[in-house]
Trainee: 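Have a look at this one.
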Amino acid sequence: QVQLVESGGGLVQAGVSLRLSCTASGFFLNGYNIGWFRQAPGKEREPISCVSRGASMGDSTTDYVNSVKGRFTISKDRDKNTVYLQMDTLKPEDTAVYYCATDLLYQRCELRVPVYHYWGPGTQVTVSS
């Protein structure tokens, strides 16, 4: 059974940091494209970052949307089968439910929601001013 579970969300003040975790089971995470997404109330789910297949970060490619570029960093731990999203300098507009997802058909880094088929339940991030 393919499963992704996010953790690490919470209520924080603007300017602080959080690190989200996405732990996979039922498949080897390093073999596939993994994406981070977020969805604010009343808005469409949007891509945030992705990391391509690869045994290590050195063997992978990453991408970020402009709104988080320079503040968020994606990484993965092969041994823990986990992808992380380090979020620095959080802003109130970062408030959303954050999801990780994978597409078992593709291995490239893809910042496109429709290609992802397997999603975690999400973790809430709330940033107060």
Side-chain angles (χ1 to χ4, degrees):
Q1 180 181 357
V2 174
Q3 186 174 11
L4 296 165
V5 179
E6 306 92 342
S7 63
L11 173 62
V12 298
Q13 296 182 11
V16 304
S17 299
L18 283 174
R19 188 178 75 160
L20 305 183
S21 298
C22 171
T23 299
S25 60
F27 73 103
F28 183 45
L29 186 151
N30 278 356
Y32 302 94
N33 163 46
I34 308 295
W36 280 101
F37 304 81
R38 67 186 181 188
Q39 187 168 20
K43 295 186 177 181
E44 296 288 329
R45 190 169 300 184
E46 63 173 339
I48 301 300
S49 181
C50 58
V51 58
S52 72
R53 66 168 295 176
S56 67
M57 293 303 296
D59 296 326
S60 306
T61 58
T62 61
D63 202 3
Y64 304 87
V65 295
N66 288 335
S67 61
V68 307
K69 192 172 297 182
R71 297 190 298 122
F72 291 8
T73 304
I74 193 169
S75 63
K76 56 185 177 182
D77 187 315
R78 178 183 182 178
D79 294 332
K80 296 180 179 179
N81 207 28
T82 297
V83 169
Y84 302 97
L85 185 68
Q86 178 68 39
M87 306 186 296
D88 297 326
T89 318
L90 283 164
K91 304 175 181 179
E93 51 262 45
D94 294 319
T95 295
V97 177
Y98 282 71
Y99 302 88
C100 64
T102 190
D103 179 357
L104 298 183
L105 296 177
Y106 297 97
Q107 296 81 47
R108 296 173 298 178
C109 186
E110 298 282 357
L111 289 174
R112 297 183 290 121
V113 174
V115 310
Y116 292 85
H117 303 135
Y118 301 92
W119 298 82
T123 184
Q124 177 71 47
V125 173
T126 303
V127 184
S128 62
S129 60

Trainee: Answer yes or no: is there a donor N or O on one side and an acceptor on the other, between the side chain of Lys76 and the main chain of Ser52, under 3.5 Å?
Mentor: yes
Trainee: State yes or no: do Met57 and Leu111 share one hydrophobic cluster built from I, L, V, M, F, W and Y residues joined by side-chain heavy-atom distances below 4.5 Å, directly or via other members?
Mentor: yes
Trainee: Mind jotting down which residue pairs meet the ring pair (Phe, Tyr, Trp, His ring centres under 6.0 Å) criterion with at least one end in residues 66-92? Sequence neighbours excluded, please.
Mentor: none
Trainee: Under the rule for side-chain contact (heavy atoms from CB on, under 4.5 Å), what residues qualify as partners of Thr89, not counting sequence neighbours?
Mentor: Arg71
Trainee: Sorted by first residue and then second, give each salt bridge (Lys or Arg N to Asp or Glu O under 4.0 Å) pair with at least one member in residues 44-64; sequence neighbours left out.
Mentor: Arg38-Glu46
Trainee: Minimum heavy-atom separation for Gln3 to Val5, with atom names?
Mentor: NE2-CG2, 3.7 Å
Trainee: Hey, quick one: are Phe37 and Val83 part of the same hydrophobic cluster, counting side-chain heavy atoms closer than 4.5 Å, chains of contacts allowed?
Mentor: no
Trainee: Among the clusters formed by ILVMFWY side chains lying less than 4.5 Å apart, do Val51 and Tyr32 turn up in the same one?
Mentor: yes
Trainee: Are Leu104 and Val113 connected in a single hydrophobic cluster, I mean Ile/Leu/Val/Met/Phe/Trp/Tyr linked by side-chain heavy atoms less than 4.5 Å apart?
Mentor: no
Trainee: Taking the side chain as every heavy atom from C-beta outward, state whether Ser49 and Leu85 have any pair of such atoms under 4.5 Å apart.
Mentor: yes
Trainee: Could you go step by step and tell me if Tyr99 and Leu4 meet the side-chain contact (heavy atoms from CB on, under 4.5 Å) rule?
Mentor: CA-CA 9 Å; Tyr99 302 88; Leu4 296 165; over 6 Å; no
Trainee: Tell me the closest heavy-atom pair linking Val65 and Pro47, and the distance in Å.
Mentor: CG1-O, 3.2 Å
Trainee: So do the side chains of Tyr98 and Glu6 get within less than 4.5 Å of each other, counting heavy atoms only?
Mentor: no
Trainee: Tell me the closest heavy-atom pair linking Ile34 and Ile74, and the distance in Å.
Mentor: O-CD1, 4.3 Å
Trainee: Please indicate whether Lys80 has more than 12 foreign heavy atoms, meaning atoms of other residues, nucleotides or ligands, lying under 6.0 Å from its NZ.
Mentor: no
Trainee: Enumerate donor-acceptor pairs with a distance under 3.5 Å from any side-chain N or O in residues 117-124 to protein atoms, sequence neighbours excluded.
Mentor:
residue : atom : partner : partner atom : Å
His117  : ND1  : Asp103  : OD1          : 3.3
Trp119  : NE1  : Tyr116  : O            : 3.4
Thr123  : OG1  : Gly9    : N            : 3.1
Gln124  : NE2  : Ala96   : O            : 3.4
Gln124  : NE2  : Thr126  : OG1          : 3.3

Trainee: Would you mind writing out the side-chain donor-acceptor pairs for residues 17-31 within the sub-3.5 Å range, not counting sequence neighbours?
Mentor:
residue : atom : partner : partner atom : Å
Ser17   : OG   : Asp88   : OD1          : 2.8
Thr23   : OG1  : Thr82   : OG1          : 3.1
Asn30   : ND2  : Ala55   : O            : 3.2

Trainee: Per the disulfide (SG to SG under 2.5 Å) rule, what does the pair list look like for residues 47-98, sequence neighbours excluded?
Mentor: Cys50-Cys109
Trainee: Is any side-chain heavy atom of Met87 less than 4.5 Å from a side-chain heavy atom of Val68?
Mentor: no
Trainee: Measure the spacing between OG of Ser128 and CG of Leu90 and express it to the nearest 0.5 Å.
Mentor: 10.5 Å
